[in-house]
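All values below were derived from every heavy atom in this structure, side-chain atoms included, with hydrogens, water molecules and symmetry-related copies excluded. So you know, we letter chains A, B, ... as the sequences are listed, proteins then strands, and number each from 1. The structure displayed is predicted, hence computed values, not measured ones.
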Amino acid sequence: MRFLPQRPPGGGETDRQGDHREHDVEHLASMVHDGHASHTDGMPELLEAEMYRAAMARTVGGRIVAMAPADPLVVPEGAALASGLLGTQVRAVTRRGKVLLVDVGAFVVGLRFGMTGRLIVGEHDPIPALAYGPSASDRRFDRWEVTVSPHQGGAPVSVRLSDPRRLARVLVDPDLSGLGPDAMEVDGTLLAQRLAGRRGPIKSVLMDQHVVAGLGNLLVDELLWRSGIAPTRPTRDLNVDEIECLAAELRPMLGELMQRGGSHRGDLSVELRRAGALCPMDGAPLQRRNIGARTAWSCSLHQR
DNA sequence: GCCCTTGTTACGCC
DNA sequence: AGGCGTAACAAGGG
């Protein structure tokens, strides 16, 4: 029997139009609720990468006229990249999982954001602050920057990667062959295929970018919470209905959290990830465990 | 000043 | 061969 948990009171009304739009990946970023004010924002998972994609989309057609000296750890091929980029045109900005892809014709620049990477396009900072990251945009943490001269003329736009912890990477022609299908594109049939043969805990498997691309710690915890499945469950023990449930919750969840402002805005929000917190669905104590060297939060009652 | 945080990769083991 | 578990990395903030 399929387990579909109740939405917590007051938090889960859906309207038809919202339902429709949240299944359209092209509109995901446009759903961000403007003017939200929070002291932290989500870690760079699929939703944040999608916000960066939308922010950078305005540079398409523009010409790259400058690249500032870059942090060699974050930009391992900095010298080659600088000479290769100069004078090229931004052809397209796309996303696969958590990776942002900037097509400049001769090659593709891949941006991975690690834990604390942020992309700031002009004056637009899609994510003012990250959970576990510094609270303000600080030039000290700039690791890569290019200047784009817009196609239509007008003032040049700077595109800047800020990352205090330096786990972000700017790569030339990144190898995407190891990435699974984007989480936005996954349905029940595909998810069942991707999970087949896996034996580890479902939480670790869903976070594996080879299986499905785009889900990180916060999104996986939220998805399992919504689906009523314990993070420790061996993947091979999941039945067809449970896999269907995961797939059915996935895209609506991404749409809803995008609308609320990011990965941290789940019903199981970052504010709840501390000792003594109670499940917003049934009031049972939330449980904290380490799974695959990551902190998993789940409900001790309704996640089985 | 120790410990927390997570995305990704490297590596040893089975 | 390939899945799986663990460690390491980075570094600001609590």
State whether A:Arg160 and A:Asp142 are salt-bridged, where the test is any N-O pair (Lys NZ or Arg NE/NH1/NH2 against Asp/Glu carboxylate O) under 4.0 Å. yes

Rounded to whole Å, please give me the gap between CD1 in A:Ile291 and C1' in C:dT6. 15 Å

Check the distance between C:dG13's P and A:Arg273's CZ and give it to me in whole angstrom. 20 Å

Report the hydrophobic cluster partners of A:Val99, with the cluster defined as I, L, V, M, F, W, Y residues connected by side-chain heavy atoms closer than 4.5 angstrom, directly or transitively. A:Leu101, A:Val108, A:Leu176, A:Leu179

Report yes or no: does A:Arg143 contribute a side-chain atom to a donor-acceptor pair with the main-chain N or O of A:Asp163 at less than 3.5 Å? yes

Separation between CD (A:Glu48) and CG (A:Leu119), nearest 0.5 Å, reads 13.0 Å

Out of B:dT6, B:dC4, B:dT8, which has the shortest distance to the side chain of A:Lys98? B:dT8

Mind running a 4.0 Å heavy-atom check of residues 197-212 of chain A against DNA chain B and sending the residues that fall below it, in number order? A:Met207, A:Gln209

Dump the intermediate steps for side-chain contact (heavy atoms from CB on, under 4.5 Å) on A:Leu257 and A:Glu222, then the final yes or no. CA-CA 10 Å; A:Leu257 268 55; A:Glu222 175 78 9; 4.2 Å; yes

Roughly how many Å is it from CG in A:Asp221 to C1' in B:dT5, rounded to a whole number? 13 Å

Residue pairs involving residues 62-115 of chain A (criterion ring pair (Phe, Tyr, Trp, His ring centres under 6.0 Å); sequence neighbours excluded): A:Tyr52-A:Phe113

Write out all pairs satisfying side chain to side chain donor-acceptor pair (under 3.5 Å) with one or both partners inside residues 199-209 of chain A, taking only residues at least two apart or from two chains. A:Arg198-A:Asp208, A:Lys203-A:Asn217, A:Lys203-A:Asp221, A:Asp208-A:His210

For A:Leu215 and B:dT6, give me the distance from atom CG to atom C1', rounded to whole Å. 15 Å

Given atom CZ of A:Arg274 and atom C1' of B:dT5, what is their separation to the nearest angstrom? 16 Å

CG of A:Leu46 versus P of B:dT6: gap in Å, rounded? 18 Å

Taking CG from A:Leu218 and P from B:dT6, how many angstroms apart are they, rounded to a whole number? 7 Å

Taken to the nearest whole Å, CG/A:Asp175 to P/B:dT8 is 14 Å

Tell me whether A:Arg91 at atom CZ has more than 12 heavy atoms from other residues, nucleotides or ligands lying less than 6.0 Å away. yes

Would you sort out whether A:Arg139 and A:Glu145 count as a salt bridge (charged side-chain N to carboxylate O under 4.0 Å, His left out), showing the intermediate values? CA-CA 11 Å; A:Arg139 286 280 181 170; A:Glu145 180 173 10; 3.4 Å; yes

Do the side-chain N or O atoms of A:Thr116 get closer than 4.0 angstrom to the phosphate oxygens (OP1, OP2) of C:dG12? no

Once you round to the nearest 0.5 Å, how far does CG of A:Leu268 lie from SG of A:Cys299? 9.0 Å

Rounded to the nearest 0.5 Å, the CG atom of A:Leu100 sits from the CZ atom of A:Arg112 at a distance of 12.5 Å

Below 4.0 Å: OP1/OP2 of B:dT9 and any side-chain N or O of A:Arg169: no

What's the angle between the local helix axes at either end of the helix from B:dC2-C:dG14 to B:dC14-C:dG2, using five pairs per end and rounding to 10 degrees? 40°

Can you give me the N/O atom pairs linking the protein to nucleotides 7-11 of chain C at distances under 3.5 Å, or say none if there are none?
{"residue": "C:dA11", "atom": "OP1", "partner": "A:Arg166", "partner atom": "NH1", "Å": "2.7"}

